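Everything on this sheet refers to the single structure shown next.
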Amino acid sequence: RRSSDLDDGIVFGKENPTKYDWSSIKSVEDLTNYIIVILQNNTSYTINKKELKNEEIANLIGKIKSKIITLSRSEEH
């Protein structure tokens, strides 16, 4: 599945794209060949790293992690 990241969320899927707000993302796992994005409802999306360039991988993981941290900090206050 292909993903694209936006300022207000992330979109998964090619044929039936679905957008998720950053608040719906629980965590992200950076595995050797895949990125696993786990949603709050424990649904997960797998992104094959072969579909992305190295800099795209780093940018995507970094953006997801920073959005998750930013949201969790804002909920504490």
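These figures come from a predicted structure and were not determined experimentally.
At a threshold of 4.0 Å, the pair Asp30-Lys49 counts as salt-bridged, since one of the basic side-chain nitrogens sits closer than that to a carboxylate oxygen.
For the pair Tyr20/Val37, no side-chain contact is recorded, criterion being any heavy-atom separation below 4.5 Å from C-beta on. Two residues are said to be in side-chain contact when any heavy atoms from C-beta on lie closer than 4.5 Å; Ile36 and Tyr45 fail this criterion. Using a 4.5 Å cut-off on side-chain heavy atoms (C-beta onward), Ile25 and Leu39 make contact. In this structure, Trp22 and Ile64 have side chains that are in contact, with non-hydrogen atoms separated by less than 4.5 Å.
Note that CD1 of Ile57 is 9.0 Å distant from CG of Asn48, once rounded to the nearest 0.5 Å. Note that OG1 of Thr18 and CD1 of Ile10 are 12.0 Å apart. Values are rounded to the nearest 0.5 Å.
The two residues Lys26 and Gln40 come nearest to each other via the heavy atoms CA-NE2, 3.7 Å.
Residues satisfying the side chain to side chain contact (heavy atoms under 4.5 Å, CB included) test with Asn33, not counting sequence neighbours, are none. Applying the side chain to side chain contact (heavy atoms under 4.5 Å, CB included) criterion to Ser27, with sequence neighbours excluded, gives Glu29, Ile38.
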Stepwise side chain to side chain contact (heavy atoms under 4.5 Å, CB included) test for Asp8 and Lys19: CA-CA 9 Å; Asp8 58 346; Lys19 181 181 174 191; 2.8 Å; yes

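Sequence neighbours left out, not one pair with a member in residues 34-48 passes salt bridge (Lys or Arg N to Asp or Glu O under 4.0 Å).
Not a single donor-acceptor pair under 3.5 Å links the side chain of Asp21 to the backbone N or O of Ser23.
Within 6.0 Å of the CG atom in Asn54, the count of heavy atoms belonging to other residues, nucleotides or ligands does not exceed 12.
Considering Val28, Ile61, Leu60 as possible partners of Ile47, the one that fulfils the side-chain contact (heavy atoms from CB on, under 4.5 Å) test is Leu60.
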